[in-house]
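Working notes, beginning with the structure itself.
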Amino acid sequence: MGTGTLRVGIVGCGRIAGNHARALQRVPGVDVVGCCDPDLARSRNFAATHGIPQAFGSVDELLALGVDACTVCTPHPVHEEVVLAAAAAGIHVLCEKPIAVDVAAADRMIEAADRAGITFGVLFQRRFWPAARRIKTAIDDGTLGAPTLGEVSVILHRPSEYYSADAWRGRWDTDGGGVLMTQAVHQIDMLQWFVGDATSVSGFIRTHTHGDHIETEDSASAVVTFASGATATITATTGANHNLGNRVTVVGATGAIASVLEFPEGREGVNEIWTVPGEITLGTPYSPDVQANLDVADVNAGLTDFHTLQVQDFADAVLTGRAPAVTGRDARASLAIVAGIYESSRTGRVVDLRAAPTLVTTKETR
Ligand SMILES: NC(=O)c1ccc[n+]([C@@H]2O[C@H](COP(=O)([O-])OP(=O)(O)OC[C@H]3O[C@@H](n4cnc5c(N)ncnc54)[C@H](O)[C@@H]3O)[C@@H](O)[C@H]2O)c1
């Protein structure tokens, strides 16, 4: 890590912000100097819990504190206004996933960050799992060969209270999507990190289980094509009664298969399947003895170590002037796939991702 002290503020003091506070406070050279939330009582409470010196009710007050960087933990449709405000003030930003809820917003954020010359990173902490990095390395060094086939499986359980507890969840205007936008975007990010540039997508979204509480999708199936000629499928739901976690699998040009499985959800991903000759692993993770339907707070807590690694990478990127591990442009790619699936489900057509820079995900487009 570079030398110097980075004064950081946290924007949005809800569920995931605790991971940010804990992660930032573990990184040498980083001082968490303030936080903000329109719910001032929540902001103060969060500051007291995490030993943060100043608590505010608005982003402007936090940015005026003279922070070098901020992390963004607001609902997704609010990411853009915070990133634009930070860029305008010359403040570096690490924003939670998804980067935004429509591709045009992501483009405005990337352009504003470029113009301001700030470091702009987006949180996809699962990329820091050693098992995920092992697959990426094996693709890059030829051990697996270029991926020919990919598979994303996100089979999750969410109780109805998950959606009813926060008014913004499950609504097109305040959440921008359902299981694809909020949960599977992590594995879609990993898929395209492994396989490369996606060129088209077709798919279907449905609301089968949580329709009494949400208007966005709780289930989706899709097919993605890539510039390399590879293809992949995506299956995602939050409507399962038993949580099977998340899995990303690739088959390489050598024929070898590699997967990274997160089970139970929120635990570190492992290479459940690895069939490079001489290094065969074939896991059997599921057992009735494993408590699979964890609370979301427990899921988030299990990811803190990897938030820490990404925060550390971001702080080093700011202090040394290099690009962060996951840039705004990297994060735009997974959003484009998600937005493309919504568009495909609405129109019944295959969506060309290279020709669709302004996909939107408002209620009117459903
Ligand atoms: N990386 C991960 O694994 C992970 C996990 C959970 C959530 N997230 C992401 O983090 C973001 C927040 O999710 P959450 O579960 O913490 O939501 P949450 O509802 O628990 O918290 C959001 C907070 O943002 C505050 N807020 C709203 N508008 C604001 C504004 N203009 N300025 C400052 N604060 C504002 C809300 O009052 C609330 O306290 C989402 O984008 C979500 O996708 C990422």
Side-chain angles (χ1 to χ4, degrees), residues 9-23 34-47 49 55-63 70-86 93-101 105-106 109 121-129 154 156 158 162-171 174-190 216 238 246 262 265-269 294-311 314 326 331 334-335 338:
I10 298 175
V11 180
C13 301
R15 291 172 191 254
I16 203 60
N19 278 34
H20 286 233
R22 284 185 285 276
C35 60
C36 72
D37 197 293
D39 182 340
L40 185 56
R42 184 180 285 190
S43 179
R44 288 189 174 138
N45 209 11
F46 183 80
T49 303
F56 302 101
S58 75
V59 179
D60 289 348
E61 290 170 284
L62 177 69
L63 299 185
C70 65
T71 71
V72 183
C73 307
T74 62
H76 343 312
V78 187
H79 291 174
E80 181 186 7
E81 69 182 60
V82 180
V83 170
L84 295 188
V93 197
L94 180 59
C95 180
E96 267 297 348
K97 49 50 65 173
I99 178 173
V101 294
M109 295 157 80
V122 180
L123 229 317
F124 279 106
Q125 77 278 22
R126 287 166 169 87
R127 284 202 193 189
F128 287 80
W129 285 332
V154 172
L156 304 179
R158 288 290 181 272
Y162 166 77
Y163 292 104
S164 51
D166 298 305
W168 63 275
R169 284 190 200 282
R171 304 190 58 78
T174 52
D175 204 356
V179 62
L180 290 173
M181 188 66 85
T182 296
Q183 283 86 21
V185 71
H186 280 286
Q187 288 69 39
I188 293 171
D189 170 69
M190 198 176 281
T216 58
T238 52
N246 303 306
E262 173 185 355
E265 189 188 6
R267 299 300 176 262
E268 180 178 337
L294 300 176
D295 285 346
V296 173
D298 207 1
V299 170
N300 288 343
L303 297 165
T304 310
D305 286 350
F306 301 97
H307 267 92
T308 306
L309 290 175
Q310 190 162 359
V311 165
F314 175 75
V326 188
S334 50
L335 172 64
V338 170

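Side chains included, hydrogens not; waters and symmetry mates left out as well; all remaining heavy atoms used. Everything quoted here is computed from the prediction, not taken from an experiment. Each ligand, and each atom within it, is numbered from 1 in the order the structure gives.
Atoms of ligand 1 found under 4.0 Å from any heavy atom of Val59 (numbered from 1 in listed order, with element): 32 (N). The His79 neighbourhood of ligand 1 comprises atoms 41 (O), with distances under 4.0 Å to a heavy atom of that residue. For ligand 1, the atoms lying closer than 4.0 Å to a non-hydrogen atom of His186 are 1 (N), 2 (C), 3 (O).
For Arg44, there are no salt bridge (charged side-chain N to carboxylate O under 4.0 Å, His left out) partners, not counting sequence neighbours. Listed by chain and residue number, nothing satisfies the side-chain hydrogen bond (donor to acceptor under 3.5 Å, both in side chains) test with Thr49 (two or more places apart in sequence, or in another chain).
With a 4.0 Å cut-off on non-hydrogen atoms, Glu81 touches ligand 1 through its side chain and not its backbone. Only side-chain heavy atoms of Glu96 come within less than 4.0 Å of ligand 1; its backbone N, CA, C and O stay farther off.
From the protein, the heavy atom lying nearest to atom 31 (N) of ligand 1 is Val78 CG1, 3.5 Å. Nearest protein heavy-atom neighbour of atom 37 (O) of ligand 1: Asp37 OD1, 2.6 Å. Ranking the protein heavy atoms by distance from atom 22 (C) of ligand 1 puts Cys73 O, 3.5 Å first. With respect to atom 10 (O) of ligand 1, the closest heavy atom belonging to the protein is Ile16 CG2, 3.3 Å. For atom 38 (C) of ligand 1, the nearest protein heavy atom (residue, atom name, distance) is Arg42 NH1, 3.2 Å. Taking atom 3 (O) of ligand 1 as the reference point, the nearest protein heavy-atom neighbour is Gln125 NE2, 2.8 Å. Considering only non-hydrogen protein atoms, atom 35 (C) of ligand 1 sits nearest to Pro38 CD, 3.2 Å. Distance from atom 15 (O) of ligand 1 to its nearest protein heavy atom, with residue and atom name: Arg169 NH2, 2.8 Å.
Put simply, part of Trp168 is less than 4.0 Å from ligand 1, judged by heavy atoms. By the 4.0 Å heavy-atom criterion, Val11 is counted among the residues contacting ligand 1. For the ligand labelled ligand 1, residue Thr182 lies outside the 4.0 Å heavy-atom shell.
Atom CG of residue Asn19 and atom CD of residue Gln310 lie 12.0 Å apart, to the nearest 0.5 angstrom.
In this pair, His20 and His307 present their aromatic rings tilted. The plane angle is within the 30 to 60° band.
Of all heavy-atom pairs between Arg15 and Ala165, the closest is NH2-CB, 4.1 Å.
A salt bridge is absent between Glu268 and Arg126; no separation between the charged side-chain nitrogens and carboxylate oxygens falls under 4.0 Å.
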